2 protein chains.
Amino acid sequence: MAATIKDVAAAAGVGIATVSRVFSGAGAVSAATRERVLAAARELDYRPSAVGRSLKTRRTGGLGLAVPDVTDPFCAELVAGVLDCARSLGQHVLLDVTLGDPAREAEIAERFAEQRVDGVIALPSGSGEPWSGFVRTGVPLVYAGRRPSGHPEGRQGRGGGGEAARARAGGGVPAVLADDAAGIRSAAEYLVGLGHRRIGFLGAPAPGAPPDAREDAFRAALAALGVPVEEDLVARARPTRDSAYAAAAGLLQRRSDLTAVLASGNLSGEAAVLVARELDLRVPADLSIAMVDDVAWAELCDPPLTAVARPGRDIGYRACELAARDTGRETGRRAPSGPVLLPTDLIVRGSCAPTPIRRDRARH
Amino acid sequence: MAATIKDVAAAAGVGIATVSRVFSGAGAVSAATRERVLAAARELDYRPSAVGRSLKTRRTGGLGLAVPDVTDPFCAELVAGVLDCARSLGQHVLLDVTLGDPAREAEIAERFAEQRVDGVIALPSGSGEPWSGFVRTGVPLVYAGRRPSGHPEGRQGRGGGGEAARARAGGGVPAVLADDAAGIRSAAEYLVGLGHRRIGFLGAPAPGAPPDAREDAFRAALAALGVPVEEDLVARARPTRDSAYAAAAGLLQRRSDLTAVLASGNLSGEAAVLVARELDLRVPADLSIAMVDDVAWAELCDPPLTAVARPGRDIGYRACELAARDTGRETGRRAPSGPVLLPTDLIVRGSCAPTPIRRDRARH
DNA sequence: CCCTTTTATGGAAACGTTTCCATGCTGTTG
DNA sequence: CAACAGCATGGAAACGTTTCCATAAAAGGG
């Protein structure tokens, strides 16, 4: 049906090798011949087949990208970053969503392997073994936005932990991450600086043993500020609207003495805003709200929401660079120099205020 | 490097044809042999190469998907729908973003063609010739969420226009769309029903001759309701935050007598909310706002925004079905029975109110 | 027990490229 | 003028599958 290189060669009266040279750019072809070939190709609407080429060159020009949910603003930014970079590298992108389900992650990894992608960028969920299993294929893998839980070094990027521990963490898989710990810390410091002491945290669930990295960061930040961390100040939710809402409602009702809430994601943030409205809490007079992820609606809220911005787009871009870089096969050692940490930014808007007077009174 | 079918055949002591049969499921293989092959494959970590297979079978199992911007909530939903459907069909998805740029669309179409995808789903911008040129490849193409402008039949899906005109429109390319005209109409009727007469419209630009389909629908709806459409009641913006903001600010300042605004997209909606706040207009007391696209933040706004919900996910899903359906090659005629129109839904929230009394007064 | 189906298997030819190698030129250089 | 470098070109061998065809063995029917 579609014209092949042979058709073009025949039409132009040359050998297929010559046609190949014209299209791949390699090798010398006289101007006259090139023109003849190009004309024939145009005539036949010929387009070199990527699958034929891939078979021979053993490179497909494709990158695999797996995120939990394209509909999530952060993921979407990350995807956009990857697409941007991939485009500039001349690669295309196979996208799939994991929904945070390890079984699906495994299927997707399998598919990427079969498709012989040149590299993979994954925003893993849970412990991420579907991906650590994938590295055996030899295809470059990069974690983006998050890396599998269960890493010994609690506070990534800080001085602690030798190179060895670092290499062990993430199984030697490079990662490009937001500096969540610093982001959470900045938000916590801000809230504490406003006088808040009873600060709720809306986090992600930890099905396995290790608690979420952000929750760790939250506890650590409060501890460092000398604020005691009560256990039932943190609520966990699965990454769905319903679950987030339930968690937020539970937390705010259980602890009516809360003066501030820090949401670890935009879903939790949404839930916090909604629940506060439902409970007739004025923001920020009665309750201060801060959130991780500076999504578009943060500015549209009333009051506009204070948020920790994570550079989703940059994360995707850099991760893609890494995934494609090692693609120059047989580069030998890929420096496992620890994760790339991109800075977060605390965007102060109107949703946080100094601790309400009467609450402080009631306490004395 | 990676094991091939030959390695497995050698390891299992069988011919490559047998290995192929084991993995493709076709043909008869004795249980004992199958087991032996599977064991050898597991041992070698063998995975059949999709590129080898694709070369032979002339199907890649891939679908191309092009949207203007993954970061836009509607596009993201659409993408999610496509991924969902593709997964259930056992296809994978190549995603790329057009940014509304025809040149990029052309490049993407070219890439899809080279990659020999089995089908393409596109949310076209402008007149969409990059895509209408693509149909010559014989690869099934489906428009989703929008179709190229310049279609003779103004009010799609309504009685008017013969089958011939319909087939001409969109160049015989099937399309899955939200029933925008009905959606706009419902919003317009709602606003007029509340007493509004001077209703602004925030639309998309029309670089070429034909105005945006939604703008047409807006004019038609108002006309049908007996409300005169003044020309400077509509403002156009490019699909960027800045442009949308500028358009909204321009409109609201130019026409301070406006009592309501209908935004034709979520970017315009954002802009309307922001500008109203900037201008100290109380919503809905001073200005009613309604918007097309029921995004997450519509409910978080204060007041929550009335919106026309478009079934982005369903659109993606159905479009994917169509793109993959015709993939059973040589099905003959692909019924060009006009676009599939999916219903919209007017979600009434708190951002629209009856016309302010004093404005009506001032008018008399 | 022979002939005919069925079932299990392997060989080999595609599929559309790239690339190595060989061949025939045209100019240059000693 | 001989030899040789360099260029333009074509032939053919991969790359990893699927699938047609042939063969061989096993099963069934009279």
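Lettering of chains follows the sequences in order, A, B, ..., and the numbering in each one begins at 1. No hydrogens, no waters, no symmetry mates; every other heavy atom, side chains included, goes into these values. It should be emphasised that the depicted structure is a prediction, and the values quoted were computed from it without experimental measurement.
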Over 12 non-hydrogen atoms of neighbours within 6.0 angstrom of CZ in A:Arg318:
no
Can you check the B:Ile5 CD1 to C:dA13 P distance for me, whole Å?
17 Å
Would you call B:Asp96-A:Arg87 a salt bridge at under 4.0 Å N-O?
no
Whole Å only: how far is the CZ atom of B:Arg34 from the C1' atom of C:dA8?
12 Å
Reckon A:Ser20 has a side-chain N or O less than 4.0 Å from the OP1 or OP2 of C:dT18?
yes
Any side-chain N or O of B:Arg53 under 4.0 Å from OP1/OP2 of D:dG16?
no
To check you understand the geometry: which heavy-atom pair defines the closest contact between B:Cys320 and B:Val82, and what is its length?
SG-O, 3.7 Å
NZ/NE/NH1/NH2 to OD/OE distance under 4.0 Å, A:Glu114 and B:Arg47:
no
Between B:Gly52 and B:Ala17, which residue's closest nucleotide on DNA chain D lies nearer the 5′ terminus?
B:Gly52
Atom pair distance, as rounded to whole Å: CZ in A:Phe23 and C1' in C:dG16
13 Å
Under 4.0 Å between any heavy atoms, over every strand shown, what does A:Val14 touch: base, sugar-phosphate, or nothing? Just pick one.
sugar-phosphate
Which residue, B:Ala31 or B:Arg116, contacts DNA chain C at a nucleotide closer to its 5' end, judged by nearest heavy atom?
B:Ala31
Atom OH of A:Tyr46 and atom P of C:dG16 are separated, to the nearest Å, by 10 Å
Please tell me which of the listed nucleotides, D:dA13, D:dA8, D:dG16, lies nearest to the side chain of B:Leu55?
D:dG16
From C:dA8, D:dT9, C:dT9, nucleotide with atom closest to A:Ser30 side chain:
D:dT9
Check the distance between D:dT17's P and A:Lys56's NZ and give it to me in whole angstrom.
15 Å
Which part of the nucleic acid does B:Gly25 contact within heavy-atom distance under 4.0 Å: base, sugar-phosphate only, or nothing?
nothing
Is any side-chain N or O of A:Arg58 under 3.5 Å from a base N or O of D:dG16, one able to act as donor and the other as acceptor?
no
Shortest side-chain distance from B:Thr33, nucleotide among C:dT17, C:dT9, D:dT18:
C:dT9
Taking only the side-chain heavy atoms of B:Arg21 (C-beta and beyond), determine which of C:dG10, D:dT17, C:dT18 contains the nearest atom.
C:dG10
Earlier contact from the 5' end, DNA chain C, for A:Thr18 and A:Lys6
A:Lys6
Rounded to whole Å, the CZ-P distance (B:Arg59 to C:dC15) equals 18 Å
So if I apply the side chain to side chain contact (heavy atoms under 4.5 Å, CB included) rule between B:Val14 and each of B:Thr33, B:Val29, B:Val22, which one comes out positive?
B:Thr33
Which of C:dT17, C:dG16, D:dT9 is nearest the side chain of A:Ile16? It is C:dT17
